[in-house]
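This structure is a prediction, so every number in the text was calculated from the model and none was measured. In what follows, every heavy atom counts, from backbone to side chain, and hydrogens, waters and symmetry copies are set aside.
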Amino acid sequence: MSAAPAVGSLVVDTRVDQLGEFRGVAGPYWSLRPLGGGTEWDAEPEHVRPADPKERLRAETARVNARSRGERL
């Protein structure tokens, strides 16, 4: 991925195999946040790829299920 994605885009940090939401650029790194909230982490852009459709669907399903249980994301 060469250009930074739009804020809020779902991406995967391939170094740690973790799905996250793109939050912005921090120096030479991209800031990513876990979907359920939590501590942001920095990833090197060359190790970040867009989430594929299956990963996006899984994330959205998890988010909807959490809301149905009354959890706040």
(request) For residues Pro28 and Pro45, report the shortest heavy-atom separation together with the two atoms involved. (result)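 Scanning both residues completely, I find the closest heavy atoms to be O-CD, 3.3 Å.
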(request) Considering non-hydrogen atoms only, spot the tightest contact between Glu55 and Pro50 and give its length. (result) OE1-O, 4.4 Å
Within the 4.5 Å heavy-atom criterion, are [X] and [Y] side-chain neighbours or not?
X     : Y     : value
Val48 : Val12 : no
Leu35 : Leu19 : yes
Ser31 : Val25 : no
Arg49 : Thr14 : yes

(request) Flag yes if more than 12 heavy atoms outside Asn65 fall under 6.0 Å of its CG atom; otherwise flag no. (result) yes
(message) Salt bridge check, Arg58 against Glu60: does any charged N sit closer than 4.0 Å to a carboxylate O?
(response) no
Look up atom [atom1] in [X] and atom [atom2] in [Y], then write down how far apart they are to the nearest 0.5 Å.
X     : Y     : atom1 : atom2 : value
His47 : Arg15 : NE2   : CZ    : 3.0 Å
Phe22 : Leu32 : CZ    : CG    : 7.5 Å
Glu71 : Arg67 : CD    : CZ    : 11.5 Å
Leu57 : Leu10 : CG    : CG    : 11.0 Å

(request) Go through the side-chain N and O atoms of Trp41 and Asp13 and say whether any donor and acceptor fall under 3.5 Å apart. (result)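 Judged by distance alone, the side chains do pair up.
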(request) Apply side chain to side chain contact (heavy atoms under 4.5 Å, CB included) to the pair Arg23 and Glu21, showing each step before the final yes or no. (result) CA-CA 6 Å; Arg23 303 302 297 159; Glu21 181 181 321; 2.8 Å; yes
(request) Taking side-chain hydrogen bond (donor to acceptor under 3.5 Å, both in side chains) as the test, write out the residues that go with Glu40, two or more places apart. (result)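 Partners of Glu40 under the side-chain hydrogen bond (donor to acceptor under 3.5 Å, both in side chains) test: none.
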